[in-house]
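Just below is one structure, and these are the notes that go with it.
Side chains included, hydrogens not; waters and symmetry mates left out as well; all remaining heavy atoms used. This one's a predicted model, so the numbers in the text were calculated from it and none came from an experiment.
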Amino acid sequence: MSLIREKSTRSELLRNVQATSFAVDEAKLYLDTHPYDKKAQAYFDKYNNARQRAVQAFEELYGPLLVDDIDAVRNGWQWIDPPMPWEE
């Protein structure tokens, strides 16, 4: 895999995390004022699951994206090892 392709893949994966995170955040805000809306609940669940998969796909290739996903005792403090998400 070429360096250019690796960067575009990393960017694509990160963009997917960002897009699904935006959808989840918007659904959370809506559900705060419409907590019984079944369609909104289904939308939230769909995109929350998609976001979890997107984060997992990114982390498998590029390391932890969220501090919540770090096991410091088992793996050391790897949070600072890979490039930060905004670094390409």
Side-chain angles (χ1 to χ4, degrees):
M1 186 179 284
S2 73
L3 184 59
I4 294 171
R5 181 64 188 141
E6 286 176 9
K7 284 187 176 182
S8 69
T9 298
R10 185 177 187 277
S11 296
E12 290 168 6
L13 290 171
L14 189 55
R15 174 99 31 204
N16 193 27
V17 169
Q18 293 168 334
T20 54
S21 293
F22 179 82
V24 168
D25 289 342
E26 290 296 308
K28 285 189 304 188
L29 290 172
Y30 180 81
L31 284 166
D32 283 346
T33 58
H34 301 81
Y36 305 109
D37 185 329
K38 296 295 182 193
K39 283 185 177 181
Q41 291 171 359
Y43 180 92
F44 173 83
D45 287 344
K46 175 183 175 180
Y47 284 96
N48 194 37
N49 289 331
R51 181 185 175 282
Q52 290 170 1
R53 288 190 308 273
V55 168
Q56 182 180 8
F58 182 92
E59 289 181 339
E60 284 176 3
L61 292 174
Y62 301 105
L65 184 60
L66 307 171
V67 74
D68 306 354
D69 299 329
I70 293 176
D71 186 342
V73 171
R74 186 173 5 162
N75 301 319
W77 190 246
Q78 62 183 7
W79 180 251
I80 60 171
D81 292 343
M84 292 290 127
W86 57 87
E87 297 174 329
E88 295 217 25

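- Aromatic ring orientation, Tyr30 versus His34: parallel (interplanar angle below 30°, classes split at 30° and 60°).
- Of all heavy-atom pairs spanning Val55 and Val17, the tightest one is N-CG2, 3.8 Å.
- Expressed to the nearest 0.5 Å, how far CG of Leu13 lies from CD of Glu60 amounts to 10.0 Å.
- Looking at heavy atoms from C-beta onward, Leu31 lies in side-chain contact with Gln41 at the 4.5 angstrom threshold.
- The backbone N or O of Asp45 sits less than 3.5 Å from a side-chain atom of Asn49, completing a donor-acceptor pair.
- With values rounded to the nearest 0.5 angstrom, Ser21 atom OG is found 9.0 Å from Asn48 atom CG.
- The heavy-atom pair separating Tyr47 from Thr20 by the smallest distance is O-CB, 4.2 Å.
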> For Gln56 and Gln52, what are the C-alpha separation, side-chain angles and deciding distance, and is it a side-chain contact (heavy atoms from CB on, under 4.5 Å)?
Replying inline: CA-CA 6 Å; Gln56 182 180 8; Gln52 290 170 1; over 6 Å; no
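- In this structure, Glu59 and Leu65 approach most closely via the heavy-atom pair OE2-N, 2.9 Å.
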